[in-house]
2 protein chains.
Amino acid sequence: MIELPGLIDPHVHVREPGQTHKEDWDTATQAALAGGVTMILAMPNTKPPIFDESTLNLALEAARAKARCDYGQYLGAGPANALEVARHARRAAALKMYLDSTFGELRLDDMTLWLEHFRRWPGPGPIVLHAESRSMAAALAFAQMFDQPVHIAHVSLREEILVIREAKARGVKVTCEVCPHHLFLTAPLTCAEGVTPGRSEVRPRLATQDDINALWENLDVIDCFATDHAPHTLSEKDGENPPPGFPGLETLLPLLLTAVSEGRLTLEQLVQKAYHNPRRIFALPEQPETRVFVDETDEYELRAAEMKSRCGWTPFEGWRVKGRVRKVILRGQTVFQDGSVLAAPGFGRDVRAA
Amino acid sequence: MIELPGLIDPHVHVREPGQTHKEDWDTATQAALAGGVTMILAMPNTKPPIFDESTLNLALEAARAKARCDYGQYLGAGPANALEVARHARRAAALKMYLDSTFGELRLDDMTLWLEHFRRWPGPGPIVLHAESRSMAAALAFAQMFDQPVHIAHVSLREEILVIREAKARGVKVTCEVCPHHLFLTAPLTCAEGVTPGRSEVRPRLATQDDINALWENLDVIDCFATDHAPHTLSEKDGENPPPGFPGLETLLPLLLTAVSEGRLTLEQLVQKAYHNPRRIFALPEQPETRVFVDETDEYELRAAEMKSRCGWTPFEGWRVKGRVRKVILRGQTVFQDGSVLAAPGFGRDVRAA
């Protein structure tokens, strides 16, 4: 048995408020604990989006009632809420800016809308960006101009990781995360059973084998592993207009432990990128008496049917992995053991409440 | 009569080598002198492109034989010529990088291709960028990372000029130019006679009235006026697949003098942006005993039929303007007077030859 710290996932779509048929604070945090994740940071593009005091209260009330692991809630940057989100920054995990691919109140097409957010965001969390390719580099310009720490979400391309490498070498305050699906999958999905094209839909898109190779070759540039856990139901994924997104909380650790067993990753790198680095980058509190026990020798196939997420599928269905979460202790209490979540709804704490 | 210095146009497509049915070093420099421009910097996206020693020699030999005004020749950044262009930087006006909208040997789609150019370009000219919107901001990230002066070509959008304003305020080494067609025209062209959609085609595209207003409201951020003189024949513009680009050398000064007469621009601003600033930004030599004499009271209509450019049309056909170039003296010699170019082919000098 290997003992790990409780992992931190800085990129989770809980789907509550607004889309609890896909997931909610109860099932998302059950999935987290089953995956060895004891702290999640929840994205703000819910319905309604979390982008002012009243919507922040809405999300945090749902979380307080239902969450089984610890959590923080992002605020979302909109075209006209820079003052408002700055005012509530201490209660938020971080500020999320969608520079590509989003809808509604969080659209920031015009770069002049970025200026006020970069000018005013006070932390403690960084500015986290959905920013692909050129937009990512544009964000690095703003980071430098305003001396603002930025965290690039779900890096997927060779050019992105290489430009971030150069930026770090030159002192830009940039960190980044990579998702397991961008480390292990190319489009179209070929390994899962009964796959429709909709199941390959994710943003950023699955990239090429060259991109995947570049991510693995530049592991030292990757600060965090993050799931971008984005559950949609199977009927949505297999229907018309399939929404982009994959669940990921319950496959993160088995996939990474398998990479460790294959010698592609060290256990120290795993702990650095799934615990120490997110704690430092997001200024997160310690979780005392918190441990994850893993059987690193257990070989099995990933099955959505055995998972806690409400969405009912995984892009890694049937993948053979090595390494199973056996037990999770959070703040001294056993919260997961041998397939069962033992923490009650409401056990989770807001990491920004102190 | 108003006396002006010889104007400098840092953005001219001469079309030689390769497309001399549109323009060549003779007709382009005749058009320049007729427009009060005594020095042009020639873009490298000719056929072949100017992107190594032998193609640079090719362009400079044609210029030496035919040019009637002074000139510099750009080198173009390609995917694999960073060392080569750096080696010949002292003979080049500047380095041109096409981050958007180009073809063939000068395509730089992947941002990793930008790294070597930003690392190695030694000047004396800046790195000049065709970089719109997000690509422009991405270029500002590279400028900051590599502490490289960049000059943004043909700014056309509100968001671009406002981001450049902020970047300048924060010490980024960025300068920029604006073209008359982006100051005076919106799409589709409505003022010219017998216009087909092809005649509106230009890159960057003609923008909205809001964008135009933002450029005028931020005149202090605009370092240079540049024509992006990009002649195509009328049959090309009115045919299938009309190529993007407008001629501009012979309409620059009449349009700007008209703006002066209307109180939208001062003569000092005009001279600053069409002479002093390009001289400083591109480290260009003085042209001794060089003067442009303008009749600021002469009102008339712009007519392509009276122009020297080979292309035979102008998007400003029939526009009523106030201010006419009467005489141009270059290095002590009268090179243009009352509609006639008096300089011989070969009179022009290479500004980097010294």
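A note on names: the letters A, B, ... follow the listed sequences, proteins ahead of strands, and every chain is numbered from 1. Not measured: the values here are computed from a predicted model.
Heavy atoms closer than 4.5 Å to chain B are found in both the backbone and the side chain of Leu140(A). Contact annotation for Leu99(A): both backbone and side-chain heavy atoms come within less than 4.5 Å of a heavy atom of chain B.
In this structure, Arg280(B) places its CZ atom where more than 12 heavy-atom neighbours from other residues, nucleotides or ligands lie under 6.0 Å away. Within a 6.0 Å sphere centred on CZ of Arg264(A), other residues, nucleotides and ligands contribute more than 12 heavy atoms. Atom CZ of Arg205(B) is surrounded by 12 or fewer heavy atoms from other residues, nucleotides or ligands within 6.0 Å.
In terms of heavy atoms, Ala141(B) sits closest to Ala137(A) at CB-O, 3.2 Å. Contact record, Arg170(B) with Arg119(A): NH2-NH1, 4.0 Å, taken as the closest heavy-atom pair.
With contacts defined as side-chain heavy-atom distances shorter than 4.5 Å, the pair Arg134(B)/Asp100(A) qualifies. Inter-residue side-chain proximity for Val163(B) and Phe142(A) is flagged as met; some heavy-atom pair is nearer than 4.5 Å.
Between the CD atom in Glu159(A) and the CE atom in Met111(B) there is a gap of 4.0 Å [rounded to 0.5 Å]. Atom CG in Asp110(A) sits 10.0 Å away from atom CD in Glu160(B) (nearest 0.5 Å). The CG atom of Leu113(B) sits 10.5 Å away from the CG atom of Leu162(A) when rounded to the nearest 0.5 Å.
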